[in-house]
Peer 1: 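Can you read through this structure? Questions will come right after.
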There are 2 protein chains.
Amino acid sequence: MNYSVSEENYLKTIFHLQKKEGTVTTNELAAELKTRPASVTDMMKKLKTKKLLHYQPYQGFRLTADGSKVALGIIRRHRLWEYFLAEKLNFTWDEVHEVAEELEHVSNKKLIDKLDAYLGYPKNDPHGDPIPDASGKIEQGKKIRLQDAPLQIPCRVAGVRNQSPGMLELLAHKKIRIGTILEIRQKFDFDHSLEVKTGKQQIITISRQLAENLLVTHED
Amino acid sequence: MNYSVSEENYLKTIFHLQKKEGTVTTNELAAELKTRPASVTDMMKKLKTKKLLHYQPYQGFRLTADGSKVALGIIRRHRLWEYFLAEKLNFTWDEVHEVAEELEHVSNKKLIDKLDAYLGYPKNDPHGDPIPDASGKIEQGKKIRLQDAPLQIPCRVAGVRNQSPGMLELLAHKKIRIGTILEIRQKFDFDHSLEVKTGKQQIITISRQLAENLLVTHED
DNA sequence: AACATAATTTAGATTTGTCTAAATAATTTT
DNA sequence: AAAATTATTTAGACAAATCTAAATTATGTT
């Protein structure tokens, strides 16, 4: 029921990494945690015996339902503290992460729930990331412009900023609608156009104007 | 410059214990920290090499100036968090200590100084104990008559008003001296006598006359 | 002062989380 | 498919903080 700082850092990091790709590898995790692959393997065995992880040697790993629940608890604490630091203590948005990395390991549930209430049950931390509620539920990820989405990472169309007829006509023509999966292959500096792969594996080009008005999310 | 949770707990506890008696013994500290005397000896060696402790085998120990400074920093963090928990998060005074025991080990200085400012530079925590300022200075607790001390809150005998032989005889008989911890259990209106628990868990009765002449402090 | 008792320290073991170096498995290249 | 490369795991070691049991030092009593 209670986990060490080290275990918590592994769980949290696995949670974040497995969002991008379904399964997490030893080297990936070692790089992220600034430790050695051998150390990762050791910890994987431990987390497996605690039933927080699906893991077969050489096959990568992902969290079990229990593991995800623990990870979401840690992320909840982290993001609530970030909100507190920015909102109440006047830290700037780029300072909060480091401090929250320490505070997140204080795992008293009553403390966190009272902090949540005190802050007015905020939905997002200062970076816009959603804060899981007391039961571990997490809201849809922040909508960002396709323009600002990272390369090579699939995202989902969640809305449009500009709903002019011309925009909608263009979307229809390119067969893009809410829910369509897009992955940026390349960004061209010259005209800021994007080469994008669709969920149906077609390669299309999206202009700067369109990319500024398409809102996407990374959450699954 | 940075200390482990374990080291911090030792330093803090030594600081508190050496207020009562000038020097702290191995068994005393082991009892307070719920560990074994052998473990205490191990840690004493370590703290000595870090120049936080005066220590010669078999001679007891006390903090160096550096050690006290570190301890005061920890106490500052503890008491500021206690104040925050009681004042902002609506914890009751008897709940705050346990939670602050965890929060006190987050040692980011900027965090603590900003928290201090946010709380309005409080002078005392919810138990009445003084909060060291950013430079480690701690205000001397005010001496009040035992008569005027609050119920159920341990205080320390800091002086006597009347030093007549009869008074001293009575104090000796009741085994009360400077440094003795007293906690008022009940006040009786009829004769203004007090039922008091001593640091050694004995229940004694203190008359109005005595209670008016015993000066106590809440400072730890 | 000598003895008995209590307090403290030492010696050696254990757990957690880490490491390096070597062995093994999987993947990629030729 | 064999060889080369890369990823992962195993084996064995180490530091921190703890423990038990035994040895040592200090203290209190007679």
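Reckoned from all heavy atoms, side chains included, excluding hydrogens, waters and symmetry mates. Per chain, numbering begins at 1; letters A, B, ... match sequence-line order.
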Peer 1: Out of C/dT18, C/dC19, C/dT8, which has the shortest distance to the side chain of A/S6?
Peer 2: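 Of all the options, the side chain of A/S6 is nearest to C/dT18.
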Peer 1: Rounded to the nearest 0.5 Å, how far apart are CG of A/D125 and CD of A/E87?
Peer 2: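 The CG atom of A/D125 sits 12.0 Å away from the CD atom of A/E87.
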Peer 1: Between P on C/dA7 and CG on B/L29, what's the gap in Å once rounded to a whole number?
Peer 2: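 One finds 15 Å between P of C/dA7 and CG of B/L29, rounded.
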Peer 1: Rounded to whole Å, please give me the gap between CG in B/L47 and P in C/dT9.
Peer 2: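 These atoms are roughly 13 Å apart.
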Peer 1: Quick check for you: to the nearest 0.5 Å, what is the distance between B/N108 atom CG and A/E101 atom CD?
Peer 2: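 CD of A/E101 is found 12.0 Å from CG of B/N108.
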Peer 1: So B/Y10, base contact, sugar-phosphate only, or nothing? Heavy-atom distance under 4.0 Å.
Peer 2: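 Sugar-phosphate contact only.
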Peer 1: Taking the side chain of A/T41 as heavy atoms from C-beta outward, which of D/dT9, C/dT18, C/dA11 is closest to it?
Peer 2: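 That would be D/dT9.
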Peer 1: What's the closest nucleotide to the A/Y58 side chain, out of D/dT18, D/dT8, C/dT9?
Peer 2: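 Of the candidates, D/dT8 comes closest.
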Peer 1: Tell me the interatomic distance from B/E8, atom CD, to D/dA16, atom P, rounded to whole angstroms.
Peer 2: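 The distance from CD of B/E8 to P of D/dA16 comes to 16 Å, rounded to the nearest Å.
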Peer 1: Taking the six-membered ring of B/Y118, is NZ or CZ of B/K88 closer than 6.0 Å to its centre and within 45° of its axis?
Peer 2: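 Yes.
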Peer 1: Whole angstrom is fine here: how far is it from CD in A/Q56 over to P in D/dT8?
Peer 2: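 Interatomic distance, CD of A/Q56 to P of D/dT8: 15 Å.
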Peer 1: For D/dT18 and B/R36 - does any side-chain N or O of the residue sit under 4.0 Å from the phosphate oxygens OP1/OP2?
Peer 2: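 Indeed not, no polar side-chain atom of B/R36 lies that close.
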Peer 1: So that I can tick it off, tell me whether B/E8 and B/R77 are bridged by a salt bridge, with the cut-off set at under 4.0 angstrom between side-chain N and carboxylate O.
Peer 2: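 A salt bridge is present here (some side-chain N lies under 4.0 Å from a carboxylate O).
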Peer 1: Quick one: is B/N27 getting a side-chain N or O under 4.0 Å of the C/dA6 phosphate, OP1 or OP2?
Peer 2: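 It does not, given that no N or O in the side chain of B/N27 lies less than 4.0 Å from OP1 or OP2 of C/dA6.
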Peer 1: Please report the distance, rounded to the nearest Å, between CD in A/Q59 and P in C/dA25.
Peer 2: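 So the two atoms are 12 Å apart, to the nearest Å.
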Peer 1: Of the nucleotides C/dT8, C/dT20, D/dT18, which one has an atom closest to the side chain of B/D42?
Peer 2: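 The answer is D/dT18.
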Peer 1: How long is the line joining NZ of B/K48 and P of C/dT9, in whole Å?
Peer 2: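 To the nearest whole Å, that distance equals 11 Å.
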Peer 1: Between D/dA16 and B/S4, is there an OP1 or OP2 to side-chain N/O distance shorter than 4.0 Å?
Peer 2: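 It does not, given that no N or O in the side chain of B/S4 lies less than 4.0 Å from OP1 or OP2 of D/dA16.
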Peer 1: If the test is salt bridge (charged side-chain N to carboxylate O under 4.0 Å, His left out), which one of A/E7, A/E104, A/E32 qualifies with A/K12?
Peer 2: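 The single option meeting the salt bridge (charged side-chain N to carboxylate O under 4.0 Å, His left out) with A/K12 is A/E104.
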Peer 1: Using whole Å, report how far CE of B/M43 lies from P of D/dA16.
Peer 2: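 So the CE-P distance, B/M43 to D/dA16, works out to 10 Å.
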Peer 1: Pair A/F91, A/F84 - check ring-ring contact (aromatic ring centres under 6.0 Å, His included), show working.
Peer 2: CA-CA 9 Å; A/F91 276 87; A/F84 168 76; 8.9 Å; no
Peer 1: Would you mind classifying the nucleic acid contact of B/Y55 as base, sugar-phosphate or nothing, using non-hydrogen atoms under 4.0 angstrom?
Peer 2: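 Sugar-phosphate: the residue B/Y55, judged by heavy atoms under 4.0 Å, touches backbone atoms but no base.
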Peer 1: For B/M44 and C/dT8, give me the distance from atom CE to atom P, rounded to whole Å.
Peer 2: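 In whole Å, C/dT8 P lies 12 Å from B/M44 CE.
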Peer 1: Answer with base, sugar-phosphate or nothing: what part of the nucleic acid does B/P37 contact at a heavy-atom distance below 4.0 Å?
Peer 2: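 Base: the residue B/P37, judged by heavy atoms under 4.0 Å, touches a nucleobase.
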Peer 1: Within less than 4.0 Å of OP1 or OP2 of C/dT9, is there a side-chain N or O belonging to B/K45?
Peer 2: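 So the side chain of B/K45 is outside the cut-off, no N or O lying under 4.0 Å from OP1 or OP2 of C/dT9.
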Peer 1: For A/T25 and D/dA7, is the shortest distance between a side-chain N/O and OP1 or OP2 below 4.0 Å?
Peer 2: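 It does not, given that no N or O in the side chain of A/T25 lies less than 4.0 Å from OP1 or OP2 of D/dA7.
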Peer 1: If each of A/V5 and A/A38 is mapped to the nucleotide of DNA chain C with the nearest heavy atom, which maps nearer the 5' terminus, i.e. the 5' end?
Peer 2: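 Per heavy-atom nearest nucleotide, the more 5' residue is A/V5.
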Peer 1: So what does B/S39 hit on the nucleic acid, given a heavy-atom distance under 4.0 Å: a base, only sugar-phosphate, or nothing?
Peer 2: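 Base: the residue B/S39, judged by heavy atoms under 4.0 Å, touches a nucleobase.
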